[in-house]
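A note on names: the letters A, B, ... follow the listed sequences, proteins ahead of strands, and every chain is numbered from 1. All values derive from a computational prediction rather than experimental measurement. Side chains included, hydrogens not; waters and symmetry mates left out as well; all remaining heavy atoms used.
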Amino acid sequence: MDGEKSLNFIEEIIEADLAAGKHKNILTRFPPEPNGYLHIGHAKSICLNFGLAKKYGGKTNLRFDDTNPSTEETEYVESIKADVQWLGFNWANELYASNYFDDLYAFAIQLIEKQLAYVDDSTSDEIAEQKGTPTTAGKRNKYAERTVAENLQLFEEMKAGKYADGTKVLRAKIDMAASNMLMRDPIIYRIKHAHHHRTGDKWCIYPMYDFAHGQSDSIENITHSICTLEFIPHRELYNWFIENLNIFPSHQYEFARLNMTYTVMSKRKLLQLVNEKYVLGWDDPRMPTISGMRRRGYTAESIREFCDKIGIARRENLIDIGLLEFCVREHLNKISLRRMVVFDPLKITITNYTQTEEILFSENNPEDETAGNRQIPFSKELYIEKEDFMENPPKKFFRLCPEGMVRLKGAYIIKCEEVVKDANGNIIELKCTYIPESKSGSDTSGIHVKSVLHWVSANHAVPVELCLYDRLLTVENVDAAEGDFKDYINPSSLQTITTAYAEPALKNAVINERYQFLRKGYFCLDINSNEQKMIFNRTVTLKDTWAKVNK
RNA sequence: UGGGUUAUGGUGUAACGGUAGCACUACAGAUUUUGAUUCUGUCUGUCUAGGUUCGAAUCCUAGUAACCCAACCA
């Protein structure tokens, strides 16, 4: 393959359609139901639909599939729009299935007139009963015999609010013996005396998904209607309506939805996590929601890159969350400002340091020359990370130890001369000397050390709070695990650190800027930060070879 | 047990009858003032059994496994 990226199966279909002159331009759509927040699985669909349009010079509509007023809310509409935009996509039109309620009602009348739909008074249990099973055909009931006039009147009365919820439905008259259960006279309208977030109380009958989605595609002239695998059986019905209504022939294509290790990807389960307070909200940084990932520090670029890397196919998949982390590290490495923060401080006194303080410089980002330098104050008393010192180190440990030497990043080489302990034998301080000729950038000492540590000057240190996140679940594939998914929630998915000290440059931290805390990971300022307290979220750790060796 | 869909390294994804490639992971090494980054290298794969063919991941036959469908949800 001469460097050319191969096409996925949908791209192949589109290129064939375009080549055959079937369409001049393509039109796709992203059709969320506004009953929850978008998650990374939706991002896959968004990137696909908008990406295809972009690649082939077409357009994409954002269409809310709002046919069920009892679960849908404006709050969700707003969050969905914000998330799609944040991901970097612009829709051609903001549309709603509810825009088409009048058209859909007219379509239903047409079906009745063609004797292809009837009003059924059966209860939901009776309908289920009469439907049969996958191995036995269903039976049509007496209501299917109603005349066109009778059906027209009844349906009109349903619309007028004459009947209570659940007492009547409109059904398409197709085939009660079909092997595809969806073709066994599917319900297309039900009575719901519910307030709709857009149409208010205008309607008390609402179309079902199957009677709304395909027709909406058709009304908009969508050329390629892309959805997930579980809708495959719906395609037959989708086509049946288009054919019998004789409307624009949109086509449905299906791809496999995204599953990811150590998390859940269903709106129902995510809603449960929110409602039952396992997380702090839809935008909790542990959630796989777009808003959660945004708050955690993921960039839109990295999410798009991830969606590109996982590919599009028709087989079930379970993507290693490590791939997502790889993508975000890859981007953050290029753009984040380097800063030093000590999480668990151990005091160091430089016994031979005679100045009160001096200002040192260090690069903001070694990956980006234009990022410039920052000032870092150095003084006699510093903090380093407790875990960077060991009194009796194993062979492969090359950080600080008694008599040992390390470099302080951007500063000097120091040597540990004395370990100070409290009455209980805990190490509370290290007395060190520094090598004056080893100053960073003008080192003439000739000394080579194996390790470089991050540090902060004690007098200049800024206390900050850190939120460290771990995977949401304790098992890779919760769908394959026994019992309820909530049994597998990771109890330590959030660790809050209140002992951390940051270098003074971090006082200027702002939302949306990305930081790499040297040797610790990528962080961003949390929206709950204020003048008194800065809170940083860890987006992802750095790769840590030492942690692996150590284990 | 009716119908539908899918099977390629640990995980994803290519190949369109002609050298099984790429990415992530894992492992080994080089460089490094982040045990990061970067660079180099290594391991591991065509669900099974037959068949067609000079040649099969690809075509045929028969199995096997997984997922989806019996909501007035989408």
Identity of whatever pairs with [N] - Watson-Crick or G-U, under 3.5 angstrom:
| N | result |
| --- | --- |
| B:rA15 | none |
| B:rG2 | B:rC69 |
| B:rA26 | B:rU42 |

Protein-to-nucleotide contact annotation, 5' to 3' order, nucleotides 68-74 of chain B [B base; S sugar-phosphate only; - none; under 4.0 Å, heavy atom]: SSBSBSB
Counting side-chain heavy atoms from C-beta on, which of [options] comes nearest to [X]?
| X | options | result |
| --- | --- | --- |
| A:Glu367 | B:rU5, B:rA14, B:rA36 | B:rA36 |
| A:Lys309 | B:rA23, B:rA36, B:rU33 | B:rA23 |
| A:Arg338 | B:rG35, B:rU37, B:rU34 | B:rU34 |

Span that lies between the C1' atom of B:rG18 and that of B:rA23, in whole angstrom: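 After rounding to an integer number of Å, I get 26 Å for this pair.
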Shortest non-hydrogen contact between A:Leu360 and A:Ala411, atoms and distance: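 Heavy atoms only, the tightest pair is CD1-CB, 3.4 Å.
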Taking every non-hydrogen atom, the tightest pair across A:Arg374 and A:Glu363: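 Heavy atoms of A:Arg374 and A:Glu363 come nearest at NH1-O, 3.0 Å.
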Quiz question: going by heavy-atom distance under 3.5 Å, is there a donor-acceptor pair between the base of [N] and the side chain of [X]?
| X | N | result |
| --- | --- | --- |
| A:Arg407 | B:rU33 | yes |
| A:Gln516 | B:rU34 | yes |
| A:Thr135 | B:rU1 | no |

Position toward the 5' end of RNA chain B (nearest nucleotide), A:Asn317 or A:Gly322: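 Comparing both residues, the 5'-ward one is A:Asn317.
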A:Asp66 side-chain N/O to A:Ala97 backbone N/O, donor-acceptor pair under 3.5 Å: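 Checked: pair present.
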Short side-chain donor-acceptor distance under 3.5 Å, A:Ser70 and A:Lys192: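 Short answer, yes.
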Among A:Tyr105, A:Phe101, A:Phe211, ring-ring contact (aromatic ring centres under 6.0 Å, His included) partner for A:Tyr206: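 Answer to the ring-ring contact (aromatic ring centres under 6.0 Å, His included) test with A:Tyr206 among A:Tyr105, A:Phe101, A:Phe211: A:Phe101.
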Heavy atoms from other residues, nucleotides or ligands near NZ of A:Lys139 exceed 12 (cutoff 6.0 Å):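 Check fails, neighbour count at 12 or below.
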